[in-house]
Structure formats: structure tokens, C-alpha cells
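When a residue number appears, it is its place in the shown sequence, counting from 1.
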Amino acid sequence: MKYYAADIVFPVTGPAIKKGIVAMDDHGTIKGIYNQGEVDDSKVEFLKGALIPGFVNAHCHLELSHMEGIVPQHTGLPQFLMKVMTERGAKDKAVDKAMEAADKAMYENGIQAVGDHANSSLSAKVKENSPMLYHTFVEVMALSNDDVEARIDQAKEIEFHFDYKRSSITPHAPYSCSKTLFKTFKKAVGEDNIISIHNQESDEENKLFRYNKGEFLDFYEKMKLSVDGFRAQARNSLQSFLPYIPTKNKLILVHNTYTSIKDLDFVDRMGRKVYFCLCPKANLYIENKLPKVENFLLGGHEIVIGTDSLASNTSLDILDELKVLHAEYPHLDFNETIKWATINGAKALNIDHELGSLEEGKKPGLVLLEGMESFKLDQKIKVKRIR
């Protein structure tokens with residue numbers, strides 16, 4: 001048994017404890033949370049800063065780790081996608097090496113679990129050997145109705161390479177999936193299949209669905225993708241595709257940079273359980289814009305945090321993502337945002353019984369936020385993995 005004390009302990013599911021103490025056994029299982037004076041000081045290791053559970057990165061693309069620095073910033077989403085699609089090819093050894101380095105960096109940055117999107121089985125070995133827990137989302141894309149069945153079958157074959165308890169297939173995004181795909185997908189998955197869809201990352205996506213105009217039409221033409229069957233819906237993309245998503249499945253909507261209050265009202269009226277994943281650094285990298293966090297707070301919507309990939313980010317560090325949000329929205333309460341980065345993500349990935357909070361019986365990892373002596377997050381605070 002080891003005892004760790006810090007200026008503040010954030011159990012996440014309970015109130016923060018000043019001068020709190022965390023008891024953890026050699027296997028990393030939490031055995032108790034104590035107040036100062038409840039444990040003999042001679043048994044306690046005292047740390048400067050705040051102790052938290054390991055982070056949950058709710059959205060990543062480990063497969064794209066080799067593309068770090070390749071795509072210029074602020075291109076807008078259609079141009080970004082074109083660059084990724086045309087230049088993502090690399091030798092397996094280079095891809096493997098980059099994924100291993102990214103996996104190691106995430107763990108050192110205090111991340112305990114990852115919701116990772118994949119288009120192949122390339123990341124299976126890295127995930128199998130990782131100290132982190134992964135849930136793999138195998139993406140399905142098809143704009144042509146003739147491709148739908150084959151693409152879903154292909155995704156299921158890829159999913160076979162990953163832990164069946166922690167994997168699922170998912171539509172990639174509204175702009176890469178036909179209405180027929182959404183309808184067919186609904187019949188092809190069980191209720192335990194978690195869905196994670198890129199949503200409204202660019203205003204061009206909403207233009208496409210409202211008016212059948214904008215940069216996505218140029219993207220389709222240059223990539224030689226046929227969208228002859230597409231019809232404008234006179235409403236935003238979220239309102240266009242959400243009715244076709246299975247109602248009983250957990251749903252993570254990723255990015256939401258251009259999600260409006262009307263879109264959120266639409267979600268609420270449908271009675272859907274949705275986790276809204278924010279990837280602020282990637283949003284700045286691609287579109288140079290952040291989501292309107294106040295919109296999600298007003299409705300009490302559950303927020304989770306992701307990093308996206310090294311193709312669209314300079315680091316895979318959840319603390320960096322929180323710093324960006326707190327700098328842009330100084331009124332945010334760290335007691336709330338730490339939930340976004342831990343327990344909310346764990347709930348979205350169905351692993352909250354294992355990690356996401358400092359609770360007895362869990363193995364959530366233990367992370368120190370060095371330099372944090374109050375309830376305020378600032379740019380000087382650094383992350384250090386303790387266990």
C-alpha cells in the first residue's frame with residue numbers, strides 16, 4: 001500500500017479535498033481517500049500540486065500519428081481532409097513507430113483511456129501492448145449507395161482485429177455517409193455498439209446540408225467522389241442525420257464547432273443521450289475557431305474532451321486542451337471541466353466502473369498537476385504521471 005498526499009485531491013465524483021490523501025495498492029487499485037491526519041505521516045508521500053485520476057481522451061486517430069506537421073494550419077476542413085487523404089500513405093514501419101511514440105506520449109501525459117478512430121487494423125498491436133485502455137471505433141464511409149453493404153462488412157472485418165469488448169463500428173461523418181448508409185447501419189449494429197461521429201467541425205458541412213453549396217462540392221469533385229444522389233435538407237447536418245441513428249446506442253458527437261442552440265434543442269426534443277466531445281486545439285488548427293461552450297452549458301449537456309490526431313494537433317495532451325478552454329472561457333470552473341476530461345469520457349466509453357474517478361476499487365491511474373495549489377487552472381501547470 002502506498003499513500004499519496006497533495007495540496008488538493010480531486011476525486012471527481014465527490015468534492016475536492018484540501019490536503020487529501022489517496023491510498024493505492026501495488027496493482028494501482030484505489031483503496032481509500034482520506035483527509036489530512038487520518039493516515040500516519042510517516043507512510044505518506046507528499047506532493048506539490050493537485051492529484052486527479054488519469055485523463056480519458058475521448059477522441060483520437062492514432063493511425064495518423066505519422067502525419068505530424070504535414071498538414072498546414074487553418075486550411076479549413078475540406079482542404080484538411082484532402083491533404084490527409086492524399087498524403088496519409090506511408091510505410092508500415094514508419095506508421096508503427098509514430099503510433100508507438102504517440103501512445104507513449106499520451107500515457108506520459110496522464111491519459112488512462114482513449115476513444116480511437118481507425119480505418120484499418122494497423123493500430124491493433126500498439127493498443128494490445130499499451131498500458132492505456134482503448135476503445136476502437138472503426139469508421140464506415142460510403143457516398144455511393146452501391147458501396148454501403150460492402151463498406152459495413154469491411155468495417156466489421158477490421159473490428160475483428162481489436163478487443164471485441166472495446167470496439168465498435170461507426171459512421172465517419174455526415175459529409176462522408178449517404179442516407180442509405182445511415183439507414184443500413186441502423187439495422188447492422190446491436191444496442192451495445194457505441195457510436196462516435198464527427199459533427200459540424202466546419203460551417204461548410206452545414207452549408208452543404210442546407211443549400212448543397214460550398215467547399216465540400218469542390219472537395220468531392222477533386223477527389224472524384226460522386227454525390228449525385230445528395231439532396232439539400234434546408235437544415236443543418238446534425239438535424240439531417242440524427243433521426244437515422246439508433247436511439248438506444250450511446251452516441252458521441254465529436255468537434256461540434258458549429259453546433260447551434262437550435263441544433264442542441266433538436267437533440268433534446270429527440271430525447272437522445274448524447275456526449276458532446278470538444279477537441280479545441282484541433283478546431284483551432286483546422287478552422288481557427290472554438291465551439292461555443294456556453295451553448296452546451298446552458299442545456300446541461302454532457303461534455304467530453306479529445307485531442308484528435310497529430311495531423312491536426314501539436315500534442316496529444318488533455319491538459320493542453322483544458323488550458324485552451326479555460327483561457328478562452330475564464331469563467332469555467334475546473335471542478336466541472338475535470339469531469340469532462342475524466343468521468344464523462346469514461347461514461348461515454350462504458351468504462352466508468354473501471355476508471356475516470358478516484359474511488360475505492362477502481363484503477364484510474366494517478367496524475368499530479370504540478371503547480372496547482374488552488375481551484376484555478378493556468379498555463380504554468382504541468383502534468384506528471386504518478387501511477
Side-chain angles (χ1 to χ4, degrees), residues 12-13 53 55-60 113-117 133-140 159 165-174 177 181-201 235-279 291-306 336-357 359 362:
V12 176
T13 50
F55 293 117
V56 177
N57 182 357
H59 183 73
C60 188
V114 185
D116 186 67
H117 281 232
L133 188 157
Y134 280 89
H135 183 102
T136 300
F137 295 101
V138 181
E139 295 181 339
V140 184
E159 185 190 7
K165 293 181 180 178
R166 297 193 174 100
S167 62
S168 52
I169 65 172
T170 186
H172 166 254
C177 299
L181 187 147
F182 280 116
K183 289 181 176 179
T184 306
F185 176 87
K186 189 174 184 178
K187 300 173 184 177
V189 297
E191 293 179 6
D192 60 343
N193 187 95
I194 308 172
I195 301 169
S196 179
I197 302 177
H198 297 76
N199 175 63
Q200 295 173 304
E201 189 175 357
R235 54 185 179 179
N236 284 352
S237 62
L238 175 57
Q239 298 181 42
S240 300
F241 78 82
L242 190 60
Y244 301 109
I245 300 300
T247 57
K248 295 183 179 180
N249 296 62
K250 277 194 175 180
L251 174 61
I252 304 170
L253 296 180
V254 183
H255 292 302
N256 312 293
T257 321
Y258 291 85
T259 301
S260 68
I261 290 179
K262 287 185 177 179
D263 292 324
L264 295 174
D265 287 343
F266 182 84
V267 173
D268 292 341
R269 289 198 307 274
M270 289 196 69
R272 291 300 307 260
K273 177 66 174 179
V274 176
Y275 293 89
F276 292 92
C277 182
L278 308 183
C279 306
K292 294 182 179 179
V293 174
E294 294 97 335
N295 290 353
F296 302 93
L297 296 178
L298 283 172
H301 298 95
E302 293 204 60
I303 297 172
V304 299
I305 303 294
E336 182 62 26
T337 60
I338 189 60
K339 295 177 183 177
W340 304 353
T342 54
I343 192 64
N344 283 10
K347 288 178 180 178
L349 298 178
N350 276 345
I351 52 175
D352 51 302
H353 61 289
E354 300 177 61
L355 46 82
S357 60
E359 293 184 78
K362 289 188 177 184

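Contact record, Ile197 with Pro174: CG2-CD, 4.1 Å, taken as the closest heavy-atom pair. In terms of heavy-atom proximity, Gly356 sits nearest to Ala346 at CA-CB, 4.1 Å. When all heavy atoms are compared, the tightest approach of Val12 to Lys339 is O-CE, 3.6 Å. Considering all non-hydrogen atoms of both residues, Lys362 and His353 come closest at CG-O, 3.8 Å. Taking all atoms of both residues into account, the shortest heavy-atom contact from Val304 to Gly345 is CG1-N, 3.5 Å. Contact between Leu297 and Trp340 at its shortest, heavy atoms only, is CD2-CZ2, 3.6 Å.
Between atom CZ of residue Phe137 and atom CZ of residue Arg166 there is a gap of 12.5 Å, rounded to the nearest 0.5 Å. The structure places CG of Asn199 at 5.0 Å from CG of Asn256, a figure rounded to the nearest 0.5 Å. Within the model, atoms CG of Asn236 and OH of Tyr258 stand 12.5 Å from one another, a figure rounded to the nearest 0.5 Å. Annotation: the span from Thr337 atom OG1 to Leu278 atom CG amounts to 11.0 Å, rounded to 0.5 Å. Atom OG in Ser168 sits 3.0 Å away from atom NE2 in His135 (nearest 0.5 Å). Atom OG of Ser240 is separated from atom CZ of Phe266 by 8.0 Å, given to the nearest 0.5 angstrom.
For Glu354 and Lys165, the salt-bridge test fails: no basic side-chain N is under 4.0 Å from an acidic carboxylate O.
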Output a table of donor-acceptor pairs, distance under 3.5 Å, between side-chain atoms of residues 242-253 and any protein atom two or more places apart or on a different chain; print 'none' if there are none.
unit_1	atom_1	unit_2	atom_2	d
Asn249	ND2	Gly190	O	2.7
Asn249	ND2	Asn193	O	2.8
Lys250	NZ	Lys347	O	2.3
Lys250	NZ	Asn350	OD1	2.7

Margin query: The test is side-chain contact (heavy atoms from CB on, under 4.5 Å); show your working for Phe185 and Ile169 and say whether it passes.
Written below: CA-CA 9 Å; Phe185 176 87; Ile169 65 172; 3.6 Å; yes
*asked:* Let's go through Cys279 and Val254 carefully: what are the C-alpha distance in whole Å and the side-chain angles of both, what is the deciding distance for side-chain contact (heavy atoms from CB on, under 4.5 Å) to 0.1 Å, and is it a yes or a no?
replied: CA-CA 8 Å; Cys279 306; Val254 183; 4.0 Å; yes
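Few gaps surround NZ on Lys186; more than 12 heavy atoms of other groups in view lie less than 6.0 Å from it.
His198 and His117 have perpendicular rings, their planes meeting at more than 60° on a 0 to 90° scale where under 30° would count as parallel.
Just one of Thr342, Thr13, Asp352 meets the side-chain contact (heavy atoms from CB on, under 4.5 Å) condition when paired with Ser357; it is Thr13.
Under 3.5 Å, the side chains of Asn295 and His301 contain no donor-acceptor pair of N or O atoms.
Counting only distance, with no hydrogens or angles, the side chain of Asp265 and the backbone of Lys262 share no donor-acceptor pair below 3.5 Å.
At least one side-chain heavy atom of Phe296 sits less than 4.5 Å from a side-chain heavy atom of Pro291. For the pair Asn57 and Tyr134, the minimum side-chain heavy-atom distance is 4.5 Å or more. Looking at Val140 and Cys177, their side chains never come closer than 4.5 Å, going by heavy atoms from C-beta outward. Residues Ile305 and Phe55 have side chains not in contact (no heavy-atom distance under 4.5 Å, counting atoms from C-beta outward).
In this structure, Lys273 satisfies the cation-pi test against Tyr275, with its NZ or CZ atom closer than 6.0 Å to the six-membered ring centre and inside 45 degrees of the ring normal.
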